[in-house]
Amino acid sequence: MSDPDDDVARKMLARILKRRGPLLTFSAAFTLLEAAALAPAAAAVLRLALGWWGRCSVGNFEIAAFLASPQGLAGVALLTAIQLTTLHLRVAGVMSVLAGEGPGVWHAFDVVKKLPAILKVDLLQAARLLLRAAPYLAVGTFAYIKLWAPHDLNRLVVDRPAEFWRGAAAFAALAAAYAIDAGRIYLRWLFAVPAVLFEGVRNPFTALRESEERTRGRLLRLAALVLGPGLAFLAASFGLSWALGAANGYVLDRVGHGPRTAVAATAALLAFDAAVLATFGAAAAAGFAALAMGAYKQAGGTIREDAVAEPRARGWTTAAVAVAGGSLALSALAARGLIADAPLAEVVEVTAHRAGAFEGPENTLAALRIAAAHGADWAEIDVQFTADRKLAIVHDDDLRRVAGSPLRIADSTLEKLREVDLGTPFDPKFAGERIATLEEFLDLAGALPIRLNIELKAKNDAEAVILAGRTIAAIRNAGAAERVRVCGQSFKGLVEVRRLAPELEIGFVSGAVIGDPTRLDVDFLMMEARLASRGFVDRARRRGKPVHAWTVNDVDRVGPLVDDGVADLITDDVPGVRARLDEIARLDPVDRLLLRIRHGLSRR
């Protein structure tokens with residue numbers, strides 16, 4: 001004796017194969033119309049979000065804050081309403097095609113006539129599901145008050161202590177219980193839409209009541225019928241998404257990082273991905289509709305199966321696709337126009353590493369002048385003591401690397417060190433360039449459109465504390481407090497800066513992470529570029545600590561780091577980084593978003 005479910009599956013496949021042509025045509029036309037309806041609404045919501053943030057690069061908490069705002073809630077509600085409406089219209093249209101109603105595809109859109117009745121059914125289902133959710137929400141609120149409310153939410157999310165996991169377990173249990181409850185309601189009302197579509201039921205209460213009667217005693221079988229294909233669909237969907245992501249990354253890695261090329265390549269790949277996913281979605285919708293129809297008929301429902309499309313239907317189906325495509329083109333233009341002039345205030349500063357080591361001898365006044373001329377916002381310089389306790393601007397312990405001299409900074413007087421020519425080894429045109437003092441840098445920077453980020457280069461914490469005091473004294477004598485910030489790897493040295501000059505910004509420098517530097521009492525974090533990930537930047541930003549990435553000498557790293565949310569790019573190549581930032585800034589918001597998507601796709 002054959003299994004009834006196997007018969008349903010066989011009939012489903014036969015029905016889909018018989019009507020595959022009209023199904024594909026209808027799905028293509030409806031997908032275009034659905035996109036045409038969603039595009040302007042999605043663009044309006046995105047414009048609101050861009051105006052809220054002022055930039056394209058935002059973190060998860062900022063997105064959550066927008067979605068929780070009145071504008072965000074209204075936007076999400078609008079998009080959800082459109083999506084649900086089009087979803088039910090799609091299923092109803094697919095059912096009409098599978099039933100062979102009318103001449104071909106065009107008349108599948110006759111389901112629009114039954115849209116009021118279908119929407120009433122949807123509203124009743126939504127109201128029932130919301131009412132059923134009320135006790136779960138009440139228990140969840142109580143659990144939140146007891147388990148999470150007494151603690152700092154940011155600490156719970158970032159550190160995930162035991163209290164976080166207890167609350168998460170409670171919420172997961174509630175969500176699972178509600179999902180089972182809501183699933184049971186959904187199955188009880190699974191046949192309401194077919195009743196409206198095929199039997200002319202107009203009263204939503206009647207449709208729901210008839211569905212409850214026909215599903216009585218069949219819930220487990222229906223659950224298996226829906227759950228099995230549903231899980232298969234999810235698995236196939238994840239597999240397809242992974243394959244597309246891998247292919248996208250492969251292509252984009254070979255296209256390059258130039259903004260214009262990357263934007264064009266990303267747009268083409270997204271169009272291809274959308275076509276593939278739409279085809280997959282059409283097959284899934286056909287499968288689900290056929291299953292629902294088979295189960296409905298098996299439960300005693302009536303499905304009218306009219307004659308297959310007449311020959312003249314070909315012109316109608318072509319017209320359906322043409323009209324849908326034209327609608328999408330017009331709405332896409334409207335959507336792009338809506339987003340393209342959205343206000344953005346995305347600003348990333350540029351710091352010349354060691355005053356700009358590619359364009360001039362590092363940590364020299366000549367390099368500082370060039371960095372200012374090339375548009376650097378800041379110059380990072382290194383200060384340390386000489387043997388006579390002068391504040392010299394030099395990075396290494398000696399001058400071997402920069403000048404071929406064995407003189408050690410801590411063992412040599414400033415006068416002795418200044419005998420060494422730092423310019424000629426770099427380029428003869430800089431002949432005669434000497435080591436400068438912090439005081440000289442402060443004086444010159446005061447006459448240039450550039451500020452100084454002064455790194456304390458001390459041998460140990462004790463020396464860092466002394467160096468901090470002398471550095472603050474020099475800054476105060478020059479009247480430069482508003483034009484400088486101080487950074488270093490010695491936290492004790494930074495604490496001393498904070499004590500002596502609380503008005504100055506201080507930053508911690510790190511090339512490796514043990515623990516959580518976002519908890520340090522500093523104003524910014526200078527992290528090696530590979531550590532400046534989106535997750536780290538978001539965590540630091542939530543604690544009010546912008547991240548500066550060093551040393552960014554490959555201009556192809558600029559875009560991804562900007563999209564990760566860094567506030568400052570520290571580089572030896574100021575002209576190259578500034579040019580890439582300017583190129584990104586010239587993109588309109590649509591292209592800017594595409595560029596961010598490109599960076600995300602290339603990392604998968």
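With salt bridges taken as basic N to acidic carboxylate O contacts below 4.0 Å, none links Arg534 and Asp563. Arg451 and Glu349 are joined by a salt bridge, as a carboxylate oxygen and a charged side-chain nitrogen come within less than 4.0 angstrom of each other. Under 4.0 Å is where a charged nitrogen must lie from a carboxylate oxygen, and between Asp564 and Arg557 no such pair does. By the 4.0 Å N-to-carboxylate-O rule, Arg543 lies too far from Asp538 to be salt-bridged with it. A salt bridge links Asp556 with Arg580: the distance from a Lys NZ or Arg NE/NH1/NH2 to an Asp or Glu carboxylate oxygen falls below 4.0 Å. With respect to Glu455 and Arg485, no salt bridge is recorded, no charged nitrogen being found less than 4.0 Å from a carboxylate O.
Atom CG of Asp273 and atom OG of Ser241 lie 9.0 Å apart (nearest 0.5 Å). The CG atom of Asn363 sits 10.0 Å away from the CG atom of Leu368 when rounded to the nearest 0.5 Å. Within the model, atoms NE2 of His395 and CG of Asp382 stand 5.0 Å from one another, a figure rounded to the nearest 0.5 Å. We find the CG-SG distance between Leu525 and Cys487 to be 11.5 Å, quoted to the nearest 0.5 Å. One distance of note links CG of Leu269 with CG of Leu594; it measures 11.0 Å at 0.5 Å rounding. Of the inter-residue distances, the one linking Asp572 atom CG with Thr351 atom OG1 reads 11.5 Å to the nearest 0.5 angstrom.
Side-chain N or O atoms of Trp550 include none that pairs as donor or acceptor with a backbone N or O of His353 at under 3.5 Å.
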- Task: Begin from the C-alpha positions of Thr518 and Asp516 and carry the test side chain to side chain donor-acceptor pair (under 3.5 Å) through to its verdict.
- Result: CA-CA 5 Å; Thr518 67; Asp516 188 0; 2.6 Å; yes

- Task: Apply side chain to side chain contact (heavy atoms under 4.5 Å, CB included) to Thr266 and Leu595, showing your working.
- Result: CA-CA 7 Å; Thr266 302; Leu595 186 62; over 6 Å; no

- Query: Between Phe524 and Val547, does a side chain to side chain contact (heavy atoms under 4.5 Å, CB included) hold up when you go through it step by step?
  - Reply: CA-CA 6 Å; Phe524 61 97; Val547 174; over 6 Å; no

- Message: Please determine whether side chain to side chain contact (heavy atoms under 4.5 Å, CB included) holds for the pair Trp378 and Val350, giving the CA-CA distance in whole Å, both sets of side-chain angles, and the decisive distance to 0.1 Å.
- Response: CA-CA 6 Å; Trp378 297 82; Val350 177; over 6 Å; no

- Task: Kindly determine whether His374 and Glu359 satisfy side chain to side chain contact (heavy atoms under 4.5 Å, CB included), including the steps that lead there.
- Result: CA-CA 10 Å; His374 285 152; Glu359 303 299 319; 3.7 Å; yes

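The aromatic rings of Trp148 and Phe171 sit perpendicular, their planes meeting at an angle over 60°, well past the 30° parallel limit.
Contact check for Leu520 versus Phe491: side-chain heavy atoms found under the 4.5 Å cut-off. At least one side-chain heavy atom of Arg592 sits under 4.5 Å from a side-chain heavy atom of Ile584. Residues Pro259 and Arg598 form no side-chain contact, since every pair of their non-hydrogen atoms from C-beta on lies 4.5 Å or further apart. Annotation: side chain of Leu244 is in contact with side chain of Leu277 (closest heavy-atom distance under 4.5 Å). Residues Val348 and Asp568 fail the side-chain proximity criterion, which asks for heavy atoms closer than 4.5 Å. Contact of the Phe358 side chain with the Pro575 side chain is not registered, since no non-hydrogen atoms from C-beta on lie closer than 4.5 Å. Side-chain contact check for Met526 versus Ile570: some heavy-atom pair is nearer than 4.5 Å. Two residues are said to be in side-chain contact when any heavy atoms from C-beta on lie closer than 4.5 Å; Pro361 and Val402 fail this criterion.
Evaluation of the ring-ring contact (aromatic ring centres under 6.0 Å, His included) rule for Phe508 yields no partner, not counting sequence neighbours. Looking at residues two or more places apart in sequence or on another chain, you find a ring-ring contact (aromatic ring centres under 6.0 Å, His included) between Phe280 and Phe233. By the salt bridge (Lys or Arg N to Asp or Glu O under 4.0 Å) test, Arg254 pairs with no residue at all, sequence neighbours left out.
Each of Thr571, Asp573, Asp377 was evaluated against Arg578; a single residue qualifies, Asp377, per the side-chain hydrogen bond (donor to acceptor under 3.5 Å, both in side chains) test. Each of Arg586, Arg260, Arg596 was evaluated against Asp591; a single residue qualifies, Arg260, per the side chain to side chain contact (heavy atoms under 4.5 Å, CB included) test.
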